[in-house]
Protein chains: 2
Amino acid sequence: MRIGQLAQSVGVDTQTIRFYERQGLLPPPGRQENGYRVYTEKHVERLAFIRRCRSLDLSLAEIHELKRYQDDPHQSCTAVNALLDDHISHVRSQITALQALEKQLVSLRARCNDDREVKACGVLAGISEGSMHQQ
Amino acid sequence: MRIGQLAQSVGVDTQTIRFYERQGLLPPPGRQENGYRVYTEKHVERLAFIRRCRSLDLSLAEIHELKRYQDDPHQSCTAVNALLDDHISHVRSQITALQALEKQLVSLRARCNDDREVKACGVLAGISEGSMHQQ
DNA sequence: TTAAAACTATATAGTCGCTATAAGGTCAAT
DNA sequence: ATTGACCTTATAGCGACTATATAGTTTTAA
């Protein structure tokens with residue numbers, strides 16, 4: 001199968017596939033005489049795995065790490081679990097930060113509900129004052 | 001005041017200040033005979049405004065937009081409010097996405113609590129199966 | 001048969017908001 | 001005279017792609 005087919009079957013751009021290859025995430029495929037890449041089912045699975053990891057927002061470095069674990073299947077999976085735990089706490093702290101941010105934004109927004117002139121707008125005033133840290 | 005003083009008083013790296021200048025966010029300051037930048041109180045305020053916007057996670061493009069509104073203080077501030085509303089809903093959808101992600105990650109993590117060999121690890125299996133969409 | 005469309009290849013630059021590095025000029029104090 | 005702290009510009013790097021340019025190949029249609 002050529003790159004276009006692989007791309008379509010996994011739902012990825014061809015550029016992204018070449019990019020993963022350059023990054024060492026996807027093993028270099030065979031080539032036809034004309035230089036076209038030729039992929040196997042293995043590549044489909046590997047690419048799908050990468051995309052599922054990405055949909056979990058794992059970084060390419062983390063996916064690399066998981067790949068190393070997969071390639072040495074007899075070691076303990078403690079490290080796999082640790083990686084996931086780290087990632088979960090990373091996601092949780094992102095959520096916390098964004099929730100605090102949302103609160104700030106909503107309280108800022110409440111300072112101007114009507115159609116004032118910009119110079120009287122409570123929102124701009126609020127940002128300029130920098131009084132956003134208390135309350 | 002020179003760039004180091006400005007940087008310290010606002011709590012920003014000097015590189016960042018020059019970067020904002022190149023981006024057109026901070027007006028070009030005067031220069032001493034030796035070429036050193038000379039800043040005024042105006043610059044302190046403007047830079048602090050930029051940093052407060054950044055702490056609200058507004059993009060440089062959005063800050064540009066706010067700057068344009070400030071420079072035309074007699075127009076209605078509807079656009080300011082709209083910008084903020086957009087930003088709030090952007091933040092909210094980020095939160096929602098991250099919460100869904102967290103759920104996925106936690107349920108994936110639950111598939112392996114003990115020290116198995118990697119080849120039997122439920123976490124890696126879970127990712128490989130790609131059965132993460134039905135909860 | 002030929003011409004156009006669709007596919008493939010590589011290389012390179014752009015996105016965002018900085019941050020880091022290199023290589024040098026200026027200034028005050030020792 | 002030299003150290004050190006400051007300033008200057010230019011350039012490259014981060015992450016994970018995405019877009020563009022340029023060119024070769026294959027497939028399809030007229």
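Source: prediction; values computed, not measured. Just so we're on the same page: letters track the sequence lines, and every chain starts at 1. Atoms considered below: every heavy atom in the structure, side chains included; atoms not considered: hydrogens, waters and symmetry mates.
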Item to complete: Could you pick out which residue, B:R2 or B:D13, lies toward the 5' side of DNA chain C when each is mapped onto its nearest nucleotide?
Response: B:D13
Worksheet item: Stepwise, does the side chain to side chain contact (heavy atoms under 4.5 Å, CB included) test hold for B:L56 with A:Q104?
Response: CA-CA 8 Å; B:L56 295 171; A:Q104 269 198 328; 3.2 Å; yes
Worksheet item: Can you get from A:L6 to A:Y36 by hopping between Ile, Leu, Val, Met, Phe, Trp and Tyr side chains that sit under 4.5 Å apart?
Response: no
Fill in: Where at least one partner belongs to residues 76-91 of chain A, residue pairs that pass salt bridge (Lys or Arg N to Asp or Glu O under 4.0 Å), sequence neighbours excluded
A:D85-B:R109
Discussion item. Below the 4.0 Å mark, does C:dT19 have OP1 or OP2 next to a side-chain nitrogen or oxygen of B:T16?
Written reply: yes
Discussion item. A quick test of your reading: do over 12 heavy atoms of other residues, nucleotides or ligands sit less than 6.0 Å from CD of A:E117?
Written reply: yes
Discussion item. What is the separation between atom CG on A:L60 and atom C1' on D:dT18, rounded to the nearest whole Å?
Written reply: 14 Å
Fill in: Nearest-neighbour nucleotide for the B:I3 side chain, D:dT8, D:dA16, D:dA10 considered
D:dT8
Check: residues 10-24 of chain A side-chain donor-acceptor pairs under 3.5 Å, at least two apart:
unit_1, atom_1, unit_2, atom_2, d
A:D13, OD1, A:Q15, N, 2.8
A:Y20, OH, A:R51, NH1, 2.6
A:E21, OE1, A:R37, NE, 2.8

Worksheet entry | N or O in side chain of B:R18 less than 4.0 angstrom from C:dG17 OP1/OP2 | no
Fill in: Shortest side-chain distance from B:Q15, nucleotide among C:dA20, C:dC18, D:dA16
C:dA20
Worksheet item: Do the side chain of B:R52 and the main chain of A:S128 share a donor and acceptor less than 3.5 angstrom apart?
Response: yes
Response to the item:
Between CZ of A:F19 and P of D:dA19 the distance, given in whole Å, is 14 Å
Worksheet item: By a strict heavy-atom criterion of less than 4.0 Å, which residues belonging to residues 20-49 of chain A are in contact with DNA chain D?
Response: A:Y20, A:N34, A:Y36
